[in-house]
Amino acid sequence: MKVPLAALSASLLLLVSTPVAVAFKASDFKTCSQSGFCRRGRDFATRAKDNVNTWRSPYSVDAQSISLASGRALLTAAVNSALYPDIKFSLEVHVHEDGVVRVRMDEVGGLKKRYDEAAKWALAVEPSISAHTQWKVGASSARAIIEPKTKPGHEVVVEFKPLRVVLNKNGREQVVVNGRGLLHMEHYRNKTVEEPKVESPEEGAETQAQEVLKVNPNAWFEGDSEDAYWEESFGSWSDSKPKGPESLSLDIDFPHHGHVYGIPQHATSLDLPTTTGEDPFFSDPYRFYNADVFEYLASGTTSLYGSIPVMHAHSADSTVAIFNAVGSETWIDVAHPTAKSTGTHWISESGILDLFILPGPSPTEIFGQYSGLTGAAPLPAHWALGYHQCRWNYVSSDDVRGVQKRFDEEDMPFDVLWLDIEYSKDHQYMIWDKKNFPDPVEMTKDVAALGRKMVIIVDPHLKRADDYPVYKQAQELGVLVKQTNGNDDYEGWCWPGSSSWVDFFNPVSWDFWKSLFKTTKGSSWSWTESTEDIHIWNDMNEPSVFNGPEITMPKDLIHYGGWEHRDIHNINGMFLPRITSEGLIARGETPKRPFVLTRSFFAGSQRYGAMWTGDNLGTWEHMAVGIKMVLSNGIAGMSFAGSDVGGFFGNPQPDMLVRWYWVGAFSPFFRAHAHLDSKRREPYLLDEPHKSTVRNILRLRYSLLPVWYTAFRETSVTGLPLLRPHYVMFPQDETGFTIDDQFFVGNSGLLVKPITRPGVTEETIYLPEDNVYYDYFTYRIYRGSPKGRNVTVPADLHQLPLLVRGGSIIPTRDRPRRASSHMHRDPFTLRIALDGSLKARGEIYLDDGVTYSYREGHLTWRGLAIDKISRGSELRLLNTDLAAATPYSAAEGTAVTEFRPENPFQTGIASVRVERVIVLGLPGKPKRIVVEGGRELEWEYAPGAGAARKRGDSDGGDASVLTIKDPGLAVATDWAILITM
Ligand code: NOJ
């Protein structure tokens with residue numbers, strides 16, 4: 001390959017240092033310029049950019065080596081590097097049944113093996129290779145039409161020289177891998193200097209660069225020095241890097257997509273800001289290196305507690321996505337070469353290339369494709385969607401009982417009381433501090449007696465004490481993470497002082513950890529001083545190591561299989577909640593749905609429980625960014641998410657606390673939590689009117705539990721997020737592409753815009769379509785327009801901008817109860833928000849909320865729909881059996897069970913009725929309302945005030961309200977109500 005030296009500026013061979021991001025506690029964490037491989041990767045990209053006309057990737061496919069397998073849908077080939085002819089790489093490109101394309105590249109016969117198991121832990125099932133796709137191999141490229149039936153016009157192309165992988169749709173490039181030539185898999189090498197072979201540079205170009213190239217002919221590509229190849233230090237820590245350089249750089253471009261979303265967890269807007277502009281907080285690439293970043297900044301690219309390497313790229317006519325299955329530290333630059341295109345550059349410290357390209361072409365299909373790979377969040381226990389009360393710490397059994405009593409005295413519902421680390425003796429988790437918790441089982445029973453649960457923290461660091469049975473067992477089994485010598489147990493510092501960590505990559509640890517959660521005595525130690533009403537909070541699982549580099553484990557520690565911590569760091573946090581949740585499922589006679597909250601997570605973590613956004617601050621900025629982070633997690637599969645209500649640090653003023661409760665009530669996971677040093681702030685401590693407002697907020701959450709649970713059923717099957725951003729709901733509406741401060745709740749039709757600023761009394765909310773929206777509380781009508789429009793709604797402290805989209809039916813249970821377990825037989829209210837054609841639809845999904853019997857069809861799933869019949873003079877509201885029409889399938893891959901209407905759950909709720917139907921937006925007073933084929937119903941009608949305004953107005957006045965009083969119809973049976981106009 002020829003590289004004109006004249007094109008190489010001297011500066012490109014020098015290290016370019018990136019500006020240091022201003023970050024709180026910045027000195028604890030690396031910037032890109034402080035991380036050797038990131039620095040190399042970014043410098044590499046700079047050289048390529050400076051020489052864009054001549055830069056050519058040295059990687060090419062050896063056309064002679066191509067072979068096709070699996071009915072010709074799997075292409076394998078050898079890849080060569082022009083710089084290192086003796087180093088060999090392999091390429092595999094798989095086309096899956098659903099059109100997903102998987103690209104794998106590895107070094108073959110290298111001095112060492114690259115880590116290749118990230119996908120193994122992330123994937124829920126091994127994807128099946130397409131039975132329809134066949135590669136066609138030409139002289140310079142290979143092409144495969146993807147699933148001609150389901151993805152018309154989609155094609156994947158592998159170009160040979162240089163290697164490029166492209167997803168095309170109708171001839172247009174959607175995703176381009178290595179289009180800018182930034183692919184670089186640093187091969188393993190010996191520490192002695194190699195003499196790489198390169199083709200001679202062009203003659204006649206005499207520059208300083210040439211001098212450098214004479215000494216090191218690969219400098220144009222790899223830089224002019226072995227920058228941090230063999231060791232690296234940060235602060236007082238040094239990384240021994242026994243494997244030398246092994247990073248992986250890759251450009252992934254979306255030439256026709258101007259917006260990218262995802263790659264949680266970062267504190268950013270949903271529409272990811274570029275990292276190549278002027279903003280000092282976005283001058284470093286987005287970083288994935290799970291860390292205990294307490295008091296993190298409310299805006300920036302720094303790493304937080306979890307990493308999901310999933311990115312959506314979106315435009316008005318297409319959505320595509322990629323899932324880059326890599327578990328090592330990774331940095332991602334995002335740029336928009338034009339307003340309608342995006343370029344990304346991924347730099348990972350180690351591992352193979354294992355990239356999944358999701359063809360979409362809509363957000364809904366992306367969710368199907370991604371959950372087809374990594375699974376969807378399973379349906380949680382119903383109570384887990386209630387309100388959770390936590391603080392660090394409730395200090396004694398009496399404190400726990402006291403808090404419960406105060407909530408009940410104030411008629412404030414809650415479902416779960418939490419205990420943080422101080423319940424445990426010397427921070428030996430599962431061992432009670434008997435001084436303060438003398439009667440843990442009785443205490444838990446007292447909580448459970450009122451229909452509630454407890455969640456108790458179990459962290460991964462084990463106090464190295466010979467009388468701590470959990471540590472002792474792990475040590476004897478030999479399942480603790482090892483020091484760099486691979487033999488001795490690693491010792492680090494965390495809450496209990498000197499600690500060790502279970503290496504969950506070692507399968508021997510799994511049964512041991514699961515058995516800890518047995519509540520009955522067995523052959524080994526288990527937590528007999530617990531009950532099945534206790535669920536688990538897994539914190540500090542990045543892992544947090546107080547005396548480690550960047551507050552985590554040194555990268556050169558050794559895990560099972562001889563892998564370094566560097567290879568698996570971002571996956572590590574996923575195991576603790578995984579094995580813990582498996583332990584909770586296995587602990588009783590009847591498997592029950594576990595609840596496990598995790599702080600650290602990776603792709604696939606959604607299968608094991610909920611996450612929260614860690615140690616936020618009690619500031620308006622953190623309140624606001626928490627919403628965006630929950631949205632971002634949701635689109636990357638991790639729907640069951642929330643942030644600490646009130647902010648972990650600080651003492652929020654009452655107004656702020658109230659606003660945060662509104663945010664929490666519309667988060668999938670709704671928990672208040674507070675730091676040890678903060679003042680008590682349980683909602684019953686508030687003065688009026690704040691106290692009553694929070695009581696109303698809690699009650700609103702409980703009355704809407706049918707909406708949350710029904711939405712979660714859909715999420716658990718389709719992978720669609722619980723909270724849906726605008727670009728997901730209205731993929732063609734460009735205005736919505738940057739909106740992330742309002743969102744829809746599942747498919748329910750609820751549109752929410754929590755207030756995250758002080759002193760607000762009214763707020764604008766964007767309506768994306770030509771439809772009516774109704775204020776949930778006042779029934780005022782707001783009209784959208786075909787091009788979208790902002791409307792202003794009241795938003796005082798006691799109010800929430802919460803609208804119901806015309807065309808929706810919202811089922812609620814409006815009886816105030818102390819906990820959700822007391823609501824299972826409560827009647828329903830249906831709020832019907834008619835659209836302009838007087839139609840609406842909704843759903844109710846119910847099951848026992850606790851066990852897995854829903855997988856055997858023990859459930860109720862109803863479809864509600866209202867429509868005009870008899871040429872418009874009558875409306876019919878129908879309640880039909882959706883479960884019978886659409887056999888229920890559990891997302892986790894459980895077999896579809898035939899649904900029987902007489903299933904025990906459904907017969908058990910035969911008496912649960914609809915007690916009220918409210919119809920909004922009828923054009924006039926009905927003449928008669930009857931149950932079809934039966935009795936007349938009692939009702940009243942209030943005409944809408946101001947509803948006569950002209951159609952173009954955004955404020956349509958108050959809706960007409962028809963209230964049908966107690967129709968006495970069972971929720972679980974088929975019926976119809978006829979409204980004669
Ligand atoms: C850190 C967690 O993020 C926080 O929520 C918890 O209260 C403390 N650890 C103590 O366990």
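The chain is numbered in sequence order, starting from 1. As the structure lists them, so they are numbered: ligands from 1, and atoms in each ligand from 1.
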* Set of residues that line ligand 1, where lining means a heavy atom lies under 4.0 Å from it -> W392, D420, I421, I457, W495, W537, D539, M540, R599, W612, D615, F648, H673
* Nearest 0.5 Å, what's the CD-CG distance between E550 and D28? -> 8.5 Å
* Asked: Among all residues two or more places apart in sequence or in another chain, which pass the disulfide (SG to SG under 2.5 Å) test with C38?
  -> C32
* To do: May I ask you to decide if F648's main-chain N or O and N616's side chain share a donor-acceptor pair within less than 3.5 Å?
  =>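 Checked: pair present.
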* State which residue, out of V752, L800, V630, T756, fulfils the side chain to side chain contact (heavy atoms under 4.5 Å, CB included) condition with V663. => T756
* Structure fact -> Residues passing the salt bridge (Lys or Arg N to Asp or Glu O under 4.0 Å) test with E422, sequence neighbours excluded, are none
Only pairs under 3.5 Å count here: list side-chain donor-acceptor contacts from residues 489-497, not counting sequence neighbours, and write none if there are none.
residue: D489; atom: OD1; partner: K482; partner atom: NZ; Å: 2.6
residue: E491; atom: OE2; partner: S498; partner atom: OG; Å: 2.6

